[in-house]
> 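This structure is in structure tokens; I'll ask about it shortly.
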Amino acid sequence: MNTQQLQYLKEAVRLGSFSRAADALGLNQSVLSRQVAALEQEMGCPLLRRHGRGVVPTPAGERLLELAAGFLQQVAQIKACLLYTSDAADE
């Protein structure tokens, strides 16, 4: 599991489809789909229910996103802090 896979899952759920999430992330849809499938394989359970109109999270997918939300927020804060620190050091 990596932060990128969690972000991909989060976007697919937020937008309700792989194609819309791939567009928003600037990815090929097959790349997004493969990464989510790899995450599902690693977790040992389906995280999304796929249907004709898109995707919805399974209970396991909802729980993973709940648990990952704080972690993803912390990663974003760390990146922002390091970027700010790096910019300040360049001056």
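Since the structure is predicted, the reported quantities are computational estimates derived from the model, not experimental observations.
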> Please examine the side chains of Y8 and L39, heavy atoms only from C-beta on, and report whether any two atoms are closer than 4.5 Å.
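Side-chain contact under 4.5 Å: no.
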
> Please tell me if the side chains of V31 and R34 come closer than 4.5 Å, counting only heavy atoms from C-beta onward.
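Touching, per the 4.5 Å side-chain cut-off.
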
> Locate the shortest heavy-atom distance separating L48 from P57; write the atom from each residue and the value.
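The answer is CD2-CA, 3.9 Å.
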
> Report the distance from atom CG of L47 to atom CD of Q5, rounding to the nearest 0.5 Å.
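One finds 10.0 Å between CG of L47 and CD of Q5.
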
> For the atom pair CG (L67) and CD (E62), what is the distance rounded to the nearest 0.5 Å?
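Reported value, rounded in 0.5 Å steps: 12.0 Å.
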
> Membership question, hydrophobic clusters at under 4.5 Å side-chain separation (ILVMFWY): are V55 and L27 in the same one?
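Hydrophobic grouping puts L27 with V55.
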
> As an exercise, state the distance from CE of M1 to CD of E42, rounded to the nearest 0.5 Å.
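Nearest 0.5 Å value for the CE-CD distance: 5.5 Å.
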
> Could you go through the side chain to side chain contact (heavy atoms under 4.5 Å, CB included) check for V36 and R50 one step at a time?
CA-CA 12 Å; V36 171; R50 292 134 173 99; 3.9 Å; yes

> If you look at every heavy atom in A60 and P46, which pair is closest and at what distance?
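Shortest heavy-atom separation between A60 and P46 comes out as CB-O, 3.9 Å.
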
> Distance check, rounded to the nearest 0.5 Å: E40 atom CD versus L9 atom CG?
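These two atoms lie 8.0 Å from each other.
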
> Would a hydrophobic clustering, with Ile, Leu, Val, Met, Phe, Trp and Tyr connected at side-chain separations under 4.5 Å, put V56 with F18?
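Different clusters.
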
> Output the distance between atom CD (Q74) and atom SG (C81), rounded to the nearest 0.5 Å.
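It is 12.5 Å, given to the nearest 0.5 Å.
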
> Can you name the nearest heavy-atom pair linking L72 to T3, along with the distance?
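Minimum heavy-atom contact is CD2-O, 4.0 Å.
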
> Got a sec: does the CD of Q77 have more than 12 other heavy atoms crowding it under 6.0 Å?
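Result for CD/Q77: enclosed.
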
> So how far is it from S33 OG to N28 CG, rounded to the nearest 0.5 Å?
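Result: 10.0 Å between the selected atoms.
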
> List the steps and the verdict of side chain to side chain contact (heavy atoms under 4.5 Å, CB included) for K10 and L65.
CA-CA 7 Å; K10 180 180 168 183; L65 288 172; 4.0 Å; yes

